[in-house]
Asker: 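Here it is: the structure, laid out below.
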Amino acid sequence: MKAAVFHKPGDISYTTVADPRIELATDIILKVTSTAICGSDLHILSGAVPQTTDMVMGHEFMGIVEEVGAEVKNLKKGDRVIVPFPIACGSCFFCNHGASPSCENSNYKHYGPNGDMMDQKGAALFGYTDLYGGYSGGQAEYVRVPYADVSPRIIPDNITDEQALFLTDIFPTGWSGVDWAQLKGGEVVAIFGSGPVGLMAQKAAWLHGASRVIAIDPLDYRLEKAKAVNKVDTLNPHKVDVVEAIREMTAGRGADVCIDAVGFEPERNLMDKLKATINFEKGSMKVLELCFEAVRRSGTVSILGVYGSPYDNFPLYRIFDKGLTIKQGQAPVLNHIDTLIQLVKEEKVVLDDIITHTLPLSEVAHGYKIFDEKKEDCVKVVLKP
């Protein structure tokens, strides 16, 4: 089959690889009909999240069941399904306690309780390095899906791929960032980053009853997209002091909730890069620091962006003094997936309005390039095998 294969940092190609096969009786083989490039994929492309061998990329995908393992009970050949990005066994301690991103069984090579930088990780993820299980991803014509009775969900025929695809990751991720804050209704939510996850968090904030949603991003074209599809207020940090602007919008208090939808690879200047080099840090936590400043006292900060190393001068003093609540991690997709599918079915949310580019899988290298370099006003790339 053909697939998008990572070879080394900066090098992804459309390549022939071996067809996947049923390895365990609980597996299915999925014929992929739609897949997408995620911001997390760019961390692998840049080398910030290490991968030393060739790997089929992609953790946002859906398709048609092609083969079914002997012990699979809930799916049959021909079913059209979405596949959540964390791989969950469905039976361990964490899966039984609503914490499937900490599944004890799917990442059998590098699982552990410690959460180290290079070992003892949580659940396996599709197409996301050997540290997270080494499973081939879904930017391919076919993909093996383990524990197939646990995570995949059948999608009705009257929901298009484009409407359903983002239920695999970015909508549940954006939803989780808002859900963690336990909104009561009427809150001001400030979301740093208007890439795909930030846009989904904006949608989720309105659905949770926010009174005002503020989008922060250094790129005007992404702010224009946020305003067009989500009717939010926008702030560009190149044009205003965003912390002061948020306080002015909130009677001097700050936002009730701040969401970091950027992570450790934000826009950085030379001094930011020099500091990271000196302190042996990956990227920067500058966006997270802005969240801690912009949120009100006793507010909540949700961290959806990925962070992969310790950081010098972590502002614990500010977090303590302001009495902040912090929630973060991989989204517990299985906790929300059925609710979110229903929202799409009932047309209470539109997800496909963030797509800016639809390309054949054969143009995957170009898709990564324009997404990574923010060319052609690229917000979200969908690939068709």
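Note: hydrogens, waters and symmetry copies are ignored here, and every other heavy atom, side chains too, is used. In this chain, numbering begins with 1 at the start of the sequence shown.
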Asker: I'd like to know if Asp321 and Arg297 make a salt bridge, using a cut-off of under 4.0 Å between side-chain N and carboxylate O.
Answerer: yes
Asker: One thing to verify: whether Lys286 and Glu289 come together as a salt bridge, which I'm taking to mean a side-chain N less than 4.0 angstrom from a carboxylate O.
Answerer: no
Asker: Under a plain distance cut-off of 3.5 Å, with no hydrogens placed, do Asn105 and Tyr147 share a side-chain donor-acceptor pair?
Answerer: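 No pair is found: no donor N or O on one side chain lies under 3.5 Å from an acceptor on the other.
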Asker: Excluding sequence neighbours, so at least two apart, what forms side-chain hydrogen bond (donor to acceptor under 3.5 Å, both in side chains) with Glu162?
Answerer: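 Glu162 satisfies side-chain hydrogen bond (donor to acceptor under 3.5 Å, both in side chains) with Lys384 once adjacent residues are dropped.
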Asker: How far does CD of Gln139 sit from CE of Met57, to the nearest 0.5 angstrom?
Answerer: 6.0 Å
Asker: Quick one: are the ring centres of Phe171 and His336 less than 6.0 Å apart?
Answerer: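 Here the rings of His336 and Phe171 have centres that are no less than 6.0 Å from each other.
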Asker: Please name all residues satisfying side-chain contact (heavy atoms from CB on, under 4.5 Å) with Ala123, sequence neighbours left out, ordered by chain then number.
Answerer: Cys103, Ser106
Asker: Salt-bridged, Lys109 to Asp130, with N to O below 4.0 Å?
Answerer: no
Asker: Any idea how Tyr128 and His59 line up, ring-wise: parallel (<30°), tilted (30 to 60°), or perpendicular (>60°)?
Answerer: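 The rings of Tyr128 and His59 stand perpendicular, inter-plane angle above 60°.
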Asker: Hey, are Gln51 and Thr53 close enough side-chain-wise for a donor-acceptor pair under 3.5 Å?
Answerer: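 Yes.
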Asker: For the atom pair CD1 (Ile355) and CG (Leu165), what is the distance rounded to the nearest 0.5 Å?
Answerer: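 One gets 7.0 Å once the value is rounded to the nearest 0.5 Å.
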Asker: If you compare all heavy atoms of Val229 against all heavy atoms of Asp353, which two are closest, and at what distance to 0.1 Å?
Answerer: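 Looking at all heavy atoms of both residues, the shortest contact is CB-OD2, 3.3 Å.
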Asker: Considering all heavy atoms of both residues, which atom of Ala3 and which atom of Val17 are nearest to each other, and what is their separation?
Answerer: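 Heavy atoms only, the tightest pair is CB-CG2, 3.9 Å.
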Asker: Judged by modelled atom types alone, do Thr339 and Gln342 share a side-chain donor-acceptor pair under 3.5 Å?
Answerer: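 The criterion, which ignores hydrogens and geometry beyond distance, is not satisfied for Gln342 and Thr339.
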Asker: Can you see which heavy atom on Asp372 is nearest to which on Leu45, and at what distance?
Answerer: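 Looking at all heavy atoms of both residues, the closest pair is OD2-CD2, 3.9 Å.
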Asker: Taking the basic N atoms (NZ, or NE/NH1/NH2) and the acidic carboxylate oxygens, is any pair closer than 4.0 Å for Asp27 and Arg144?
Answerer: yes
Asker: Would you call Lys31 and Glu67 a salt bridge, using N to O less than 4.0 angstrom?
Answerer: no
Asker: Is it true that Lys8 and Asp54 make a salt bridge, defined as a side-chain N closer than 4.0 Å to a carboxylate O?
Answerer: no
Asker: Using a 6.0 Å distance limit plus a 45 degree cone around the ring axis, check whether Lys2 lies over the aromatic ring of Tyr14.
Answerer: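 Yes, cation above the ring, under 6.0 Å and within 45°.
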Asker: Relative to the ring of Phe292, is the ring of Phe314 parallel (under 30°), tilted (30 to 60°) or perpendicular (over 60°)?
Answerer: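 Phe314 and Phe292: perpendicular rings.
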